[in-house]
Asker: 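The following block contains the structure, expressed as structure tokens.
FYI, side chains are in, hydrogens and waters are out, and symmetry mates aren't considered; it's all heavy atoms of this structure. Positions are given from 1, in the same order as the sequence printed here. Just so it is clear, the model here is predicted, and its values are computed rather than measured.
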Amino acid sequence: MSEYTPIERPTNGEAETNRLRGVIQDRVVASLLSQGLIGPEHVRRALEIQRQERGERRALWRILMEELDVDPDLVLEEAARTYAFRRAHIDESRVDPVFVRQVLDSFPKPFREELLALKVLPLAYEVEQQGYLRLIFASADPSHPRLMRLLRELGLERYEVRYAPRQAIEELLQVVSPGKNEYLERIREQGMAYDLGATYAEEGSVVDERQIEAEINRSTIINLLEGALVEAVRLGASDIHIFPTEPRRTEFHFRVDGRLQLWHAEENLHPEAILAVAKDLAGNVDRFERDRAQDGFIQRWVDGALIRYRVSVLPIASAYQEIRAESIVIRVLDDRKVITDLSRLGLLPSALERFKKAISQPYGMVVVTGPTGSGKSTTLVAALHHVIRPDVNVLTVEDPVEYIIKGARQIRLSHKLGFEDALRAILRHDPDIVMVGEMRDRQTAELAIKLANTGHLTFATLHTNDAPSAIARLYKMGIEPFLIAYAINLVMAQRLVRVLCPQCKVEDRETDPELLRALGFSEEELKEATFYRPGHRANCKRCGGVGYKGRRAIAEALYFSREIRRLIVQSRGDIDEDAIREQAIREGMLTLRASARALAVQGETSLEEVLRVTADEA
């Protein structure tokens, strides 16, 4: 039950209401009064309090919620509507808690603490029409006078504050302001200085199982591994790599923004003991098996969310006889990081518009291409969330299933149900929308094409360098050109480019004009654009000295227009990729390199990244 009592409208209130409405100048109060949400008595009392205040007087509507028995949520929502603040939608499918934490951590401590005190949280970046990123904040009181001054003092170039109910803000705060890592705290309390190597065998001899077993029983290893699982989630890592490098050294690396970073090097514990405990933590893994690959899983609650970890164990060679070395890679599967809003992919407006158009068709195929780790699956999952509705049957075939997609039926493959058999079964399962994962061979491609040609919207991935080469790849698989032309709505080649840390990026004054021209920059861009490079500030709280923080997608979106379809159908003997590319560019397609150049001109990424992600372009 609400702590605020319903407001009864006075019986003789109409005349008094009309009189007060003509007197008061506060539009929020006037609106509340007109709707009957407050009564004349509340206004009179608020006016009296305001008259008694000295110095800068509070707005009348603030007095209503701070001094009188009027529900603050009611007043704040009306104030946001009156002052035209847009509403921020805070829920698990729209907000990435990891992003919120990372942005908050990038702010100086006094500013961060004041933002949290005001209960103001950064939610996401939105792409403006010009391609610039705007940081979106959520606040229950977006017109708070201190808030606007605070954001100006932070020096943010592009931002917007939106309204969100207090309860939604409170719930998100509980997720993004976690407590300490209790496992690492225990290690600090115990201290890691003592030499556990005292129980090792002499140098040069092989450590036996009893010595490893004795070390496994020490709680330090458990705390170290459990602490790594927690820290990986909080740092936004996609993978944890654990492997020995020397007889007394085991390294822990986190993959953040596509790059491996050394998190911890353990030199007090025997590597085989650490590897054995890590395997013990994972289900479906045999600790004593050291000669074959193994796959397992772990589940943990971290900061109020259930996190799944996929474990891969591989035996590796070592120069040291005393180590039976294995490499363990743990993939972090945090459903909160799933992108469900297409605008959060970071695509430039032209590519985003074409992609939305393609996935809004009732049937046909959308193919996303690129190398491993280019974000293909992330894009397709976002596309699925865009088209999922209660009145459509959405089926996916993935190997393995990483993220659970609400509203979709995700087929679980096994040794009894293979990829190809699952695709054939889908045709009999009354689908509307299908995600088939990777088209690995002719059989898979033919089944996917058949789905698209029989009235189903079909999503698939392919490993090619650019969009036109995907068409040639399907043709070489044995798919007829007319089937390719009329089954596919769009092919989108994608890469992930690292975004420069806004806190420490610096102007790049050593650019080579000839290199810039070779990358395709125009003479006008060379004269007017300011290019940036990573600053590598060791004390930067946002990027930790890396110089980059976060990634966004660049893409070339090849939409199948009538002319593109004609070029494909008329192909004889081979697909003319150059002709297709030239026609697509005439129709407005940006190539991968052109997309990367646009981000460099906007100061979002560096020339180094443009070269790295588009090195395969001529």
Side-chain angles (χ1 to χ4, degrees), residues 181-188 190 192 194-197 199-200 206-256 260-302 306-320 322-334 400 402:
N181 189 327
E182 59 179 294
Y183 302 104
L184 299 186
E185 288 297 316
R186 290 174 192 166
I187 292 176
R188 293 188 185 100
Q190 296 169 359
M192 293 288 286
Y194 51 81
D195 183 13
L196 295 179
T199 61
Y200 297 167
V206 178
V207 177
D208 65 31
E209 296 294 340
R210 286 177 299 175
Q211 291 167 324
I212 294 176
E213 195 69 46
E215 196 167 312
I216 287 173
N217 291 329
R218 299 179 188 268
S219 62
T220 302
I221 302 180
I222 300 289
N223 288 327
L224 177 61
L225 289 165
E226 293 285 359
L229 296 179
V230 173
E231 283 301 292
V233 173
R234 293 181 177 175
L235 294 174
S238 61
D239 300 88
I240 307 168
H241 290 239
I242 306 171
F243 54 92
T245 56
E246 296 176 14
R248 303 287 179 90
R249 181 181 173 92
T250 306
E251 294 186 1
F252 290 69
H253 293 253
F254 288 171
R255 186 177 293 279
V256 180
L260 284 175
Q261 302 173 9
L262 178 64
W263 174 69
H264 177 69
E266 182 50 58
E267 298 180 341
N268 292 315
L269 302 168
H270 194 280
E272 287 193 57
I274 295 175
L275 297 172
V277 174
K279 293 196 291 184
D280 269 351
L281 294 178
N284 201 42
V285 173
D286 181 359
R287 183 215 302 174
F288 300 103
E289 177 58 67
R290 298 191 181 97
D291 297 316
R292 65 180 177 89
Q294 299 188 77
D295 293 308
F297 59 89
I298 301 172
Q299 284 193 161
R300 292 291 184 272
W301 285 93
V302 180
L306 181 63
I307 308 298
R308 292 170 291 117
Y309 302 86
R310 196 178 71 225
V311 182
S312 172
V313 184
L314 278 176
I316 58 175
S318 173
Y320 303 96
E322 61 267 38
I323 300 178
R324 297 189 66 180
E326 292 173 284
S327 171
I328 297 179
V329 174
I330 303 174
R331 169 63 56 90
V332 182
L333 302 174
D334 186 348
E402 291 194 338

Asker: Applying side-chain contact (heavy atoms from CB on, under 4.5 Å), can you list everything that pairs with Ala237, at least two apart in sequence or on another chain?
Answerer: Ala232, Phe254, Val256
Asker: Rounded to the nearest 0.5 Å, what's the gap from CZ on Arg234 to CD1 on Ile307? Could you check?
Answerer: 11.0 Å
Asker: Measure across Trp263 and Gly227 and return the closest heavy-atom pair with its distance rounded to 0.1 Å.
Answerer: CH2-C, 4.4 Å
Asker: Taking only residues two or more places apart in sequence or in another chain, which ones pass side-chain contact (heavy atoms from CB on, under 4.5 Å) with Leu314?
Answerer: Ala293
Asker: Taking only residues two or more places apart in sequence, or in another chain, which ones meet Glu289 in a side-chain hydrogen bond (donor to acceptor under 3.5 Å, both in side chains)?
Answerer: none
Asker: Please round to the nearest 0.5 Å and tell me the distance separating atom CG of Leu275 and atom CZ of Arg290.
Answerer: 8.5 Å
Asker: Quick check: do Arg331 and Leu333 have side-chain heavy atoms less than 4.5 Å from each other?
Answerer: yes
Asker: For the NZ atom of Lys279 and the CD atom of Gln294, what is their distance to the nearest 0.5 Å?
Answerer: 5.5 Å
Asker: Can you tell me how far apart OG (Ser238) and CG (Leu260) are? Round to the nearest 0.5 Å.
Answerer: 8.0 Å
Asker: Quick one: which of Leu225, Leu224, Thr220, Leu269 gives a side chain to side chain contact (heavy atoms under 4.5 Å, CB included) with Val277?
Answerer: Leu225
Asker: Could you tell me whether Glu266 and Arg248 make a salt bridge, using a distance below 4.0 angstrom between a side-chain N and a carboxylate O?
Answerer: no
Asker: Kindly write out the residues that satisfy side-chain contact (heavy atoms from CB on, under 4.5 Å) with Thr245, not counting sequence neighbours, or none if the list is empty.
Answerer: Phe243, Arg249, Glu251
Asker: Going through the distances and angles, do Arg300 and Glu226 end up as a side-chain contact (heavy atoms from CB on, under 4.5 Å)?
Answerer: CA-CA 9 Å; Arg300 292 291 184 272; Glu226 293 285 359; 2.9 Å; yes
Asker: Among Leu229, Leu281, Asp239, which residue meets the side chain to side chain contact (heavy atoms under 4.5 Å, CB included) test with Ile330?
Answerer: Leu229
Asker: Could you list the residues that satisfy side-chain contact (heavy atoms from CB on, under 4.5 Å) with Ala325, not counting sequence neighbours?
Answerer: Pro244, Ile316, Ser318, Ile323
Asker: Please examine the side chains of Ile240 and His253, heavy atoms only from C-beta on, and report whether any two atoms are closer than 4.5 Å.
Answerer: no
Asker: Checking Arg324 against Asp291 for the side-chain contact (heavy atoms from CB on, under 4.5 Å) test, could you report, in this order, the C-alpha distance in whole Å, the side-chain angles of both residues, the deciding distance, and whether it holds?
Answerer: CA-CA 9 Å; Arg324 297 189 66 180; Asp291 297 316; 3.6 Å; yes
Asker: Filter on side chain to side chain donor-acceptor pair (under 3.5 Å), then keep only pairs touching residues 306-316, sequence neighbours left out; what's left?
Answerer: Arg308-Asp335, Arg310-Glu402
Asker: Does the side-chain contact (heavy atoms from CB on, under 4.5 Å) test come out yes or no for Ile274 and Phe252, once each step is laid out?
Answerer: CA-CA 11 Å; Ile274 295 175; Phe252 290 69; 4.0 Å; yes
Asker: Please report the interatomic distance NE2(His270) to CD1(Ile221), rounded to the nearest 0.5 Å.
Answerer: 10.5 Å
Asker: Among Asp295, Ile328, Val329, which one satisfies side chain to side chain contact (heavy atoms under 4.5 Å, CB included) with Val311?
Answerer: Ile328
